[in-house]
Asks: 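Structure incoming, see below.
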Amino acid sequence: MQADAKKQSWMYENMFKSRYYEECMEAAYLEGKQPVFNMANGPVPGEMHLSNGQEPCAVGVCAHLDADDAVFATHRPHHIAIAKGVDLKAMTAEIFGKKTGLSGGRGGHMHLFDTKVNFACSGIIAEGMGPAAGVALARKLRNEPGVAVAFIGEGAANQGGFHETMNLAAVWKLPFVCIIEDNAWGISVAKTDATAVPRNDVRAAAYGIPGEYVEGNDPLAIYDAAERAINRARAGEGPSLIEIETYRLAGHFMGDAEAYRPEGEKDGLLAKDPIPAFRKHLLDSGVINEAALKNIEGAMHAEVDEAFEFARAAAEPEPAEALEKVFA
Amino acid sequence: MQADAKKQSWMYENMFKSRYYEECMEAAYLEGKQPVFNMANGPVPGEMHLSNGQEPCAVGVCAHLDADDAVFATHRPHHIAIAKGVDLKAMTAEIFGKKTGLSGGRGGHMHLFDTKVNFACSGIIAEGMGPAAGVALARKLRNEPGVAVAFIGEGAANQGGFHETMNLAAVWKLPFVCIIEDNAWGISVAKTDATAVPRNDVRAAAYGIPGEYVEGNDPLAIYDAAERAINRARAGEGPSLIEIETYRLAGHFMGDAEAYRPEGEKDGLLAKDPIPAFRKHLLDSGVINEAALKNIEGAMHAEVDEAFEFARAAAEPEPAEALEKVFA
Amino acid sequence: MATPKRKLTTAKAISEAISQEMEADENVFVMGEDIAKLGGVFGTTTGLLDKFGPERVRDTPISETAFIGAAVGAAAAGMRPIVELMFVDFFGVCMDAIYNLAAKNCYFSGGNQPIPMVLMTSVGGGYGDAGQHSQCLYGTFAHLPGMKVVVPSNAYDAKGLMHTAVADDNPVIFMLHKNLQGMGWLGTVKNSIVDVPRETYGVPFGEAAIVREGKDITLVGLGVTVHMALDAAEALAKEGVEAEVVDLRTLVPLDRDTVFNSVSKTGRLLVIDDDYISYGVSGEIISSVAEQDSSIFKTSPQRIAFPDIPIPFTRPMEQFALPNKDKIFNAVKEMMKD
Amino acid sequence: MATPKRKLTTAKAISEAISQEMEADENVFVMGEDIAKLGGVFGTTTGLLDKFGPERVRDTPISETAFIGAAVGAAAAGMRPIVELMFVDFFGVCMDAIYNLAAKNCYFSGGNQPIPMVLMTSVGGGYGDAGQHSQCLYGTFAHLPGMKVVVPSNAYDAKGLMHTAVADDNPVIFMLHKNLQGMGWLGTVKNSIVDVPRETYGVPFGEAAIVREGKDITLVGLGVTVHMALDAAEALAKEGVEAEVVDLRTLVPLDRDTVFNSVSKTGRLLVIDDDYISYGVSGEIISSVAEQDSSIFKTSPQRIAFPDIPIPFTRPMEQFALPNKDKIFNAVKEMMKD
Ligand SMILES: Cc1ncc(C[n+]2csc(CCOP(=O)(O)OP(=O)(O)O)c2C)c(N)n1
Ligand SMILES: Cc1ncc(C[n+]2csc(CCOP(=O)(O)OP(=O)(O)O)c2C)c(N)n1
Ligand SMILES: [Mg+2]
Ligand SMILES: [Mg+2]
């Protein structure tokens, strides 16, 4: 079903919020790391994987999800966390390593857990697959509503855990959906050099489940495909696999010089940036007018700014807190 | 191409040899384990996975292989080892844990290595996949002739290493063939309860390579399918996947009470035993006559008996040899 | 009226504990390879399928990464899975789900997402199953933070520790030694078959047991090596040497105090472990004592463990490499000279 | 004419060693994730693609089980693969191929099928990369038999050990600490950047180095902790305490003699390890000395290592948990009281 105006504006809102979030994050991350870039320095140390360009995947899928539904994201989690409704202040404080962060600073950017909205992510490729299937199994065993969605990158579809979990979910007919964000790259390795098939949707045949490929990084097309898969999961008909063509508009992580990209690729992608494109669609199709968009944008700026201010102002944890929470 | 008379009689010979080998092994294994079965006792301790009924897979594939070609088998390796031409005396001595065994007794039944004919096997599910692809890669890099074949069970096709290696072999166009012996069971778990698709040949689509399913546990049909795959590999066109319907005529391992089998299944399978069936075909089609078959059978009895005698007569290794060969 | 005593094997004690936990809490369920119709290759889930049906007693595909990962997710979502890794030797295909997910998610989530799951696995050799089916790998699991590690030496402890494990809100690696499980088709150390109450009871984690008192030397063991130590202690007693035997019972948490106090008393320490010797349990026990007070040693602490070699198939080699009563006896005699 | 000296980072020393090995023997090749066009996330394969082309410098899919397994097969078939596991933390998805295949096939084959391969991996934290990208896991690899384990502390040793590793007919796990590699985007311990000869040379396995002599206490370290120990030793010297610093260099084989001889001399032992404390390197070193002769200790041997917790992301917590110069300094002062 075509997304209605409310959904479309929700999707734009979250895409915009996510992008602005990454812009703020980029700036914060670079603090203390200039002129000499050293990952250990600044208010946000460690690796930083921005999601610029991949926002359509997050909003097109999460538009169908409630707090009950579980999402497992990857090392590149911000857009998905935002679309899933993760507490933005606590998430930002976590990424800044603060006491009020989601995990009191223990997890950081690759380990965001918000149990209230059933969001988690992790830093190992395809690692969210099994746990997502496990939540789906729990929902089924407990007769609870809710589906589980694992997001992975196209590179992760060559990891053993992907295969094992797709099969398990299919054999057990779990309310599970696997979303592959195909940004064409796994760090510096092109999909064509890593994956034996051009599109991973064909791999659905290996599990006897539906597979779809969504072209064009288009939030509305993603919305449609996700709706089919999620409805199927909710109806107890088992898992589905969706691969989405998307664009990685930044480096793999911050500090990546991207010399491996073919000449011009990046510019070409930037020209197809999904956010201005979707904005234009919303205006052209009359779903929403300029003033309302400005309103949304202003509100999102404010929300993100507030989250960053919250994070910056928050206290650092005590060093010895390191020893807590290893066990429940 | 249809197997010629020579090949057919080679195939029968090896099927027969393999079965008689397992019969002798069964008897030897049970020595010292009766009346109370204890795996630790007798001349052959540990697990014992017999290959009764699966001989067609081994001969249909290995009929196309030379010593240069590498084969990786599973925890159920005897039929494949025999068809690949592994030194029967040294193999038997190994299984008896003797000094003159292939590995001086260090490996046993699940770890048979005969480098002269490029045969290896191991006890972890799907573990031979990566190494087989690696031999294929070495052959390619060194411009040497020879393909690599990994045999796995149908249960192993749900293990991550299967997926990863199929993709790797396909992306790198390696001279590699994966043979799945579908005996319908992974220990006590039926294929239908473990695998989301009825036939694993459909999984070839996930790697953009040819897949075939061979029905009926028929050595000649297997021979045909294997020929296509191996020729393709030799021609540098990349890997293939073949799943073969076969029958496990014994327990998963010796001592298995098989209570999980549906009533009558075992009898039905025994009635379709491929060895008498192939024997009948050879006679009916006039490929070979009764006297010649008897000759073969006698020769195989003698060869296997000799191997067992060799193994029994061989010396035990010195205990302290345990400390040797950890490193080259 | 006292219920009559009954002796159980470890496998029966475990399946009884699981059954009672499943009766008490419908969030407890079991999954793994061959745990349903077959009742577990080592018998730890026998009878459960009939009692609880295939939804709660789930055979899995041979996909350890997926189903152990799924246990993590299910635990996060309110279930209390008991998942079986058939042989510990298979950890290599699924360790990520164990050590990077199950063991760390509680911490990563700042305590908001505990993972109450039990990973049950079988360890140990001695029956000729060769190098991929005979390992203990105690050290491997105990070294990595975030999971508790349990190694019972008898049926009573096994049942009590299993109840404690299921009640624990954290991942527990439950390592059952094949020589102790009591499967018909494997030899079983007789003394592991002991009286086991029908009712549920807990054996606490982090409390080593002094299973024999003595004043001359402390023998520390776990799982099957406890029995070897007890046998040696009996033989030593005939020669006037009184060995104290400590059964560690859990490696994480580790009861360093009980070991230290015993060695304080005896002045001598011998650790017996059937896992690989280097960088493992034996080194940890010795250095735990040494770092606390190395002056208590009357003689240098010693260890008997599996040498740093893959486990050989053939009986003469495997038996040569495994710890046993005689090795312990001789080592103690040597140590008593000082 | 003497070639002018030049200082190299560890990453450059490694990529030079690999390049020289590839020139010398066309059976040597490299594979792993992002090792070709990118030159390795940690720079250890920089420049190799241009020199040797994509057949011998192969980017892989994110399929560690497959490509490490393939390295085993390729090694068995006459090649000498150098394979990179980007972060050691990822071992959980592929340990089977490492410890059950690479490490055991030589034994299983009775010595007929040695596996000459190098598995190169990056370890360590301290830069805020959190619990799945900052581990050392030295103990995990060193505990399991059949593989050699190398942990260089500087560029000179790194190059020499890499030549030795490639020449070795066995699997070698080559663990490079991120604080020492010399990537522009990570801080690098200055003293790891040292003079490195252009020509090939071997640094032998199983020989620890005494990198500073002293009579009062033995500090044992590996990788980055060697530098912390040296820094502490310098500060201690100002207070009249002469610490001897031992760089283990290889964990398997382990040079127990050098450690023991040093402690025999000093009577005091402090081990510094940034891997998890329990059941790991620190315990093995202490008990190796204690079991040989515990009477040589003037004071109880001590260890400073990473506590048994996942590695926290936030700087205050991570720095709290890591070993450092001050912790060593203070511990030594304490130990010198006895
Ligand atoms: C098991 C494992 N192998 C390798 C890595 C290192 N790594 C982190 S991100 C990445 C690329 C992932 O590519 P993809 O799945 O396409 O996701 P993307 O980064 O493009 O979003 C790799 C190889 C890892 N984290 N885990
Ligand atoms: C990774 C791993 N998981 C589980 C096992 C235990 N196991 C040994 S054989 C087997 C069943 C294998 O089934 P299949 O692949 O169909 O081969 P078959 O025994 O039928 O020949 C299992 C689960 C193992 N050896 N390795
Ligand atoms: Mg990608
Ligand atoms: Mg099978």
Asks: Which atoms of A157(B) come close to chain C, meaning under 4.5 Å heavy atom to heavy atom: side chain ones, backbone ones, both, or neither?
Replies: neither
Asks: Can you see which heavy atom on G123(B) is nearest to which on Q132(C), and at what distance?
Replies: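 Closest approach of G123(B) to Q132(C), heavy atoms only: N-OE1, 2.7 Å.
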Asks: Looking at K12(C), I want to see if its NZ is surrounded by more than 12 non-hydrogen atoms of other residues, nucleotides or ligands under 6.0 Å.
Replies: no
Asks: Indicate the atoms forming the closest heavy-atom contact of P319(B) with P316(C), along with that distance.
Replies: CB-O, 3.7 Å
Asks: Determine whether the side chains of S63(C) and N158(B) contain a donor N or O and an acceptor N or O closer than 3.5 Å.
Replies: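 No pair is found: no donor N or O on one side chain lies under 3.5 Å from an acceptor on the other.
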Asks: Rounded at 0.5 Å granularity, tell me how far CD1 in I125(B) sits from CD in E33(C).
Replies: 8.0 Å
Asks: Please check: side-chain N/O of R315(C) versus main-chain N/O of V44(B), any donor-acceptor pairing under 3.5 Å?
Replies: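 Checking the backbone N and O of V44(B) against the side chain of R315(C), no donor-acceptor pair under 3.5 Å is found.
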Asks: Would you mind checking which part of E316(B) comes under 4.5 Å of any heavy atom in chain C, side chain (CB onward), backbone (N, CA, C, O), both or neither?
Replies: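 It is the side chain, since no backbone atom gets that close.
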Asks: Heavy-atom pairs under 4.5 Å with chain C: which of F162(B), F327(B), F37(B), Y260(B) has the most?
Replies: F37(B)
Asks: To the closest 0.5 Å, what do you measure between NE2 (H75(B)) and NE2 (H133(C))?
Replies: 8.5 Å
Asks: Please check if the number of heavy atoms outside K33(B) that lie under 6.0 Å from its NZ is greater than 12.
Replies: yes
Asks: Please assess V189(B) against D34(C) for the test side chain to side chain contact (heavy atoms under 4.5 Å, CB included), listing each intermediate value before the final yes or no.
Replies: CA-CA 6 Å; V189(B) 182; D34(C) 306 286; 3.5 Å; yes
Asks: Roughly how far, to the nearest 0.5 Å, is the CE atom of M39(B) from the CH2 atom of W185(C)?
Replies: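 Result: 4.5 Å between the selected atoms.
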Asks: What's the shortest heavy-atom distance between I124(B) and D89(C), and which atoms?
Replies: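 Minimum heavy-atom contact is CD1-O, 4.3 Å.
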Asks: Side chain from CB out, backbone as N, CA, C, O: work out which of these in E127(B) comes under 4.5 Å of a heavy atom of chain C, or both, or neither.
Replies: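 E127(B) touches chain C through side-chain heavy atoms alone.
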Asks: Could you state the interatomic distance from CG (N38(B)) to CE (M183(C)), rounded to the nearest 0.5 Å?
Replies: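 Going from CG on N38(B) over to CE on M183(C), the span is 12.0 Å.
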Asks: Decide yes or no on side chain to side chain contact (heavy atoms under 4.5 Å, CB included) for D59(C) and D193(B), but give the supporting numbers first.
Replies: CA-CA 8 Å; D59(C) 273 336; D193(B) 291 333; 5.9 Å; no
Asks: Which heavy atom in E318(B) sits nearest to a heavy atom in M317(C), and how many Å separate them?
Replies: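 For E318(B) versus M317(C), the nearest heavy atoms are O-CG, 4.1 Å.
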Asks: What part of T60(C) gets within 4.5 angstrom of chain B, counting heavy atoms only: side chain, backbone, both, or neither?
Replies: backbone
Asks: Measure across P45(B) and F313(C) and return the closest heavy-atom pair with its distance rounded to 0.1 Å.
Replies: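 Of all heavy-atom pairs spanning P45(B) and F313(C), the closest is O-CE1, 3.5 Å.
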Asks: Rounded at 0.5 Å granularity, tell me how far CD in E94(B) sits from OG1 in T314(C).
Replies: 8.0 Å
Asks: Under 3.5 Å, is there a donor-acceptor pair between the side chain of D129(C) and the main chain of E47(B)?
Replies: yes
Asks: Check whether T195(B) gets within reach of chain C through its side chain, its backbone, both or neither, counting any heavy atom under 4.5 Å.
Replies: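 Neither part; nothing is under 4.5 Å.
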Asks: Can you say whether F96(B) sits under 4.5 Å from chain C via the side chain, the backbone, both, or neither, judging by heavy atoms?
Replies: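 Contact with chain C involves the backbone of F96(B) alone.
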Asks: I309(C) and A322(B): which non-hydrogen atoms are nearest, and at how many Å?
Replies: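 I309(C) and A322(B) have their closest heavy atoms at CD1-O, 3.4 Å.
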Asks: About how many Å separate CD1 of I62(C) and CD of E154(B), when rounded to the nearest 0.5 Å?
Replies: 7.0 Å
